[in-house]
Amino acid sequence: MKEIVTGTEALMRALKNEGVTTIFGYPGGAIMPVYDALYDYAMGPEAPFRHVLTRHEQAATHAAQGYARVSGKVGVCLVTSGPGATNTLTGVADAMMDSTPIVVIAGQVNIGVLGTDAFQEVDLVGVTQPISKWSYQIRRPEDVAWAVSRAFYIARSGRPGPVVLDFPTNAQKGTCEWQEQRVDFVRSYVPYPALDMVAVAQAAKLINEAKRPLALVGQGVELGNAQQELVDFIEQADIPVGRTMLGLSALSTDHRLNMGMLGMHGQYSLSQLTQQCDVLIAIGMRFSARVTGLTSTYARQAKIIHLDIDKSEIDKCVKADLAIVADCKESLPAITRLLRKADHTEWVEAFKPYQATEEEKVIRPATQPTDGPLLMGEVVRAVAEATQGEAVLVTDVGQNQLFACRYFRFRHHRSIVTSAGLGTMGFGLPAAIGAAIGAPDRDICMFAGDGGFQMCIQELGTVMEQQVPLKIIILNNNYLGNVRQWQDMFWGGRRSFTRMMNPDYGQIARSYGIAFERVKDRFELNEAVRRMLQSTAPFILECCVKEDDNVMPMTTPYKDVDTMNLVIES
């Protein structure tokens, strides 16, 4: 017997078939039919969905991103048309840059009035096509099941990314015969390219002959669930490793071959020895300018092997001598099987003098000061030591992000949630909410500056309502710190509109019923961190830090990667 359902009921069933359990969203006029159907799927203890009402649509996308990053699932958000939909654009673009699988479902005006500048009408498909993996308008209720299945398949497969579904009200309200759909093929879309065994053999030969090999590890290892394959590969070939910001938790901080973070504010040893390696193996990373510095001089002495699932990344920024376009979970073990057991002790030891120099000139002064104001680095170090590599790190964007990524520690996979490619201030708080829901058994430590924290500060309402036990650390220096640092370094110290007049965060926290402490002196820090981590409820720790603290070392933008400065020249 045929079962006739509405388009909204078809959506609920299709989402359930995709294994969705959590939806982040904000209702409005053009999505109201969907929310009415959601009532029967998200109310009550036995309901299949948990709906998280954010306080802004942008926050819904960032929460979906945080959820996806830590859980490995597709994040889902639900918004209305017009401004509700356009408010998601930052999150969609962010997810595209950082390869995060989310599906945004937006209401749309009735098809009959499209193109008439109807109330809250916007061409969402046209706007989002350049910043998403796929953008589609569901014009008939019969297409709902197919479109949802296709959306999830595209979002999660190959190199993950965001998908946008535009859902006009007539398709929501109309009826159709329910038929479950399962899409696992899209013509001309090849998410998992076939492994080229000739290229694998050539890569193995280059690595076997290398005297000074270096591996650069990106988020592709995490997305491909190839963390153990990475360990097997680097241990067989005895290759030192640098990690991108999004690849920080792909390898344990304590692994003997882990040399730290790449990039503009990464480890000094990596910036220097990248220019001395003879074979450079890039694994699931895209050669961002923040990693390479001036590309025309980057690793010119090395044979470059690039492993990536996305063919468009090959030769885009740095010319590769050999490319393997495949899932790294497949390509890494294929190469490893052809590798001789290597011993590059002398090369690995070559990193130590540079590490010692950085420890003396940068790390110790930043994390273990004996006097003066509280520093951002020592706050991060205190939280890192207290959590012992077990927590998930979430950051906002700016100095808080750079200090946190430099000094936090990781023992487990999928433990870093940050906006790397787009650099979205305001990302941290909603992403941390999503991460807490996606990994409820783990501590979520979110670092933010006073600037970025205020960009999505309304999401404290979501924290209050959901009672997610976030540990929020505000590094308050009364400045837009990263911009101020660049103004001091490159713009003659002209601090144009970067000083912040901030509210009393304690009063704000109390108004949301969130526990709060303020720390100004370092002798209070460790005990305050301990109390924060022992709390089973949301907690805000405001740390009043040095106003003109700087993130070092630093490679000047578009300069050679090995011209990194350890300290700011006076």
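A quick note: this is a predicted structure, and the numbers were derived from the prediction, not measured.
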> For side-chain contact (heavy atoms from CB on, under 4.5 Å), just list the numbers for Arg55 and Leu53, CA-CA rounded to whole Å, side-chain angles, deciding distance to a tenth of an Å, and then say yes or no.
CA-CA 7 Å; Arg55 271 42 179 180; Leu53 176 66; 4.1 Å; yes
> Above 12 or not: heavy atoms from other molecules or residues under 6.0 Å from CG of Asp521?
yes
> Can you name the closest pair of heavy atoms from Ala391 and Arg442 and give their distance?
O-NH2, 3.5 Å
> Using only heavy-atom distances, determine whether the side chains of Gln65 and Asp94 contain a donor-acceptor pair under 3.5 Å.
yes
> Look only at the side chain of Lys133 and the backbone of Arg159, and say whether a donor-acceptor pair between them is shorter than 3.5 Å.
yes
> So, do Glu358 and Gln267 sit near enough that their side-chain heavy atoms are less than 4.5 Å apart?
yes
> Could you measure the distance from the CE atom of Met245 to the CG atom of Asp98? Nearest 0.5 Å is fine.
10.0 Å
> Any donor-acceptor pair under 3.5 Å linking the side-chain atoms of Gln487 with those of Ser496?
no
> Search all heavy atoms of Ser419 against all heavy atoms of Thr424 and return the closest pair with its distance.
OG-N, 2.9 Å
> For the atom pair NE2 (His62) and OG1 (Thr88), what is the distance rounded to the nearest 0.5 Å?
10.0 Å
> Quick check on side chain to side chain contact (heavy atoms under 4.5 Å, CB included): which of Phe24, Phe152, Tyr67, Phe49 does Val76 satisfy it with?
Phe152
> Given 3.5 Å as the limit, does a donor-acceptor pair link the side chain of Thr169 with the main chain of Val109, or not?
no
> Evaluate Phe408 against Thr253 for side-chain contact (heavy atoms from CB on, under 4.5 Å), listing each step before the verdict.
CA-CA 9 Å; Phe408 214 72; Thr253 303; over 6 Å; no
> For residues Ile416 and Arg414, determine if any side-chain heavy atom of one lies less than 4.5 Å from a side-chain heavy atom of the other.
no
> For the CZ atom of Arg381 and the CZ atom of Arg406, what is their distance to the nearest 0.5 Å?
10.0 Å
> Please determine which of Asp396, Leu470, Val394 meets the side chain to side chain contact (heavy atoms under 4.5 Å, CB included) test together with Leu429.
Leu470
> Step by step, work out the side-chain contact (heavy atoms from CB on, under 4.5 Å) result for Val34 and Met12.
CA-CA 8 Å; Val34 170; Met12 296 298 110; 3.8 Å; yes
> Looking at side-chain heavy atoms only, is the closest gap between Val127 and Thr86 below 4.5 Å?
no
> For Tyr479, run the side chain to side chain donor-acceptor pair (under 3.5 Å) check against Gln399, Arg495, Gln485, Arg484 and tell me which one passes.
Arg495
> Looking at every heavy atom in both Asn400 and Phe447, which two are closest together, and how far apart are they?
OD1-O, 3.2 Å
> With a 4.5 Å cut-off on side-chain heavy atoms, are Glu121 and Leu114 touching?
yes
> With a 3.5 Å distance limit and no angle check, can you tell me whether Ser535 reaches the backbone of Ala537 through a side-chain donor-acceptor pair?
yes
> Counting only heavy atoms not in Tyr26, do more than 12 sit closer than 6.0 Å to its OH atom?
no
> Return the CG to CE distance between Leu38 and Met32, rounded to the nearest 0.5 Å.
13.0 Å
> Are a donor atom and an acceptor atom from the side chains of Asp549 and Asn477 found within less than 3.5 Å of each other?
no
> Compare all side-chain heavy atoms of Leu223 with those of Ser99 and state whether any distance is below 4.5 angstrom.
yes
> Within a radius of less than 6.0 Å around NZ of Lys316, do more than 12 heavy atoms belonging to other residues, nucleotides or ligands occur?
yes
> Say whether, by atom type as modelled, one donor and one acceptor occur between the side chain of Gln108 and the main chain of Val122 under 3.5 angstrom.
yes
> Output the distance between atom CE (Met376) and atom CG (Leu402), rounded to the nearest 0.5 Å.
9.5 Å
> Does some side-chain heavy atom of Thr244 sit less than 4.5 Å from a side-chain heavy atom of Ser288?
no
> Would you say the side-chain atoms of Glu385 and Tyr407 include a donor-acceptor pair closer than 3.5 Å?
no
> CZ of Phe497: more than 12 outside heavy atoms within 6.0 angstrom?
no
> Could you go through Phe453 and Tyr505, starting from their C-alpha distance and side-chain angles, then the distance that decides it, and tell me whether this counts as ring-ring contact (aromatic ring centres under 6.0 Å, His included)?
CA-CA 10 Å; Phe453 183 67; Tyr505 293 115; 5.8 Å; yes
> Indicate yes or no for a side-chain donor-acceptor contact from His265 to the backbone of Pro553 under 3.5 Å, with no hydrogens or angles considered.
yes
> For Ser135 and Thr128, which I'm curious about, is there any donor-acceptor pair between the side chains at under 3.5 Å?
yes
> Is a donor on one side and an acceptor on the other found under 3.5 Å between the side chain of Glu390 and the backbone of Asp443?
no
> Return the OH to CG distance between Tyr41 and Leu15, rounded to the nearest 0.5 Å.
9.5 Å
> Knowing that exactly one of Glu222, Arg409, Arg243 qualifies, which makes a side chain to side chain contact (heavy atoms under 4.5 Å, CB included) with Leu248?
Arg243
> Under 3.5 Å, is there a donor-acceptor pair between the Arg50 and Gln466 side chains?
yes
> Yes or no on side-chain contact (heavy atoms from CB on, under 4.5 Å) for Gln172 and Ile31, after CA distance, side-chain angles and deciding distance?
CA-CA 8 Å; Gln172 296 178 42; Ile31 200 68; 4.3 Å; yes
> Looking only at heavy atoms, what is the nearest atom pair of Pro469 and Thr536, with distance?
CB-O, 3.5 Å
> Is there a donor-acceptor pair under 3.5 Å between the side chain of Ser511 and the backbone N or O of Ala509?
no
> I need the minimum non-hydrogen distance between Gln58 and Thr90, along with the two atoms involved.
NE2-CG2, 3.8 Å
> Could you check if a side-chain atom of Val20 sits within less than 4.5 angstrom of a side-chain atom of Val103, using non-hydrogen atoms only?
no
> Within a strict 4.5 Å, meaning less than it, do heavy atoms of the Glu459 and Ile433 side chains meet?
yes
> Is the backbone N or O of Gly372 less than 3.5 Å from a side-chain atom of Arg522, with the two atoms forming a donor-acceptor pair by type?
yes
> Please determine, by modelled atom types, if Asn478 and Asp450 share a side-chain donor-acceptor pair under 3.5 angstrom.
no
> Do Arg150 and Tyr136 form a cation-pi contact, if we require the NZ or CZ to be under 6.0 Å from the six-membered ring centre and within 45 degrees of the ring's axis?
no
> Heavy atoms only: give me the nearest Pro538-Gln467 pair and the separation to one decimal.
CD-OE1, 3.5 Å
> Any donor-acceptor pair under 3.5 Å linking the side chain of Asn565 with the backbone of Val567?
no
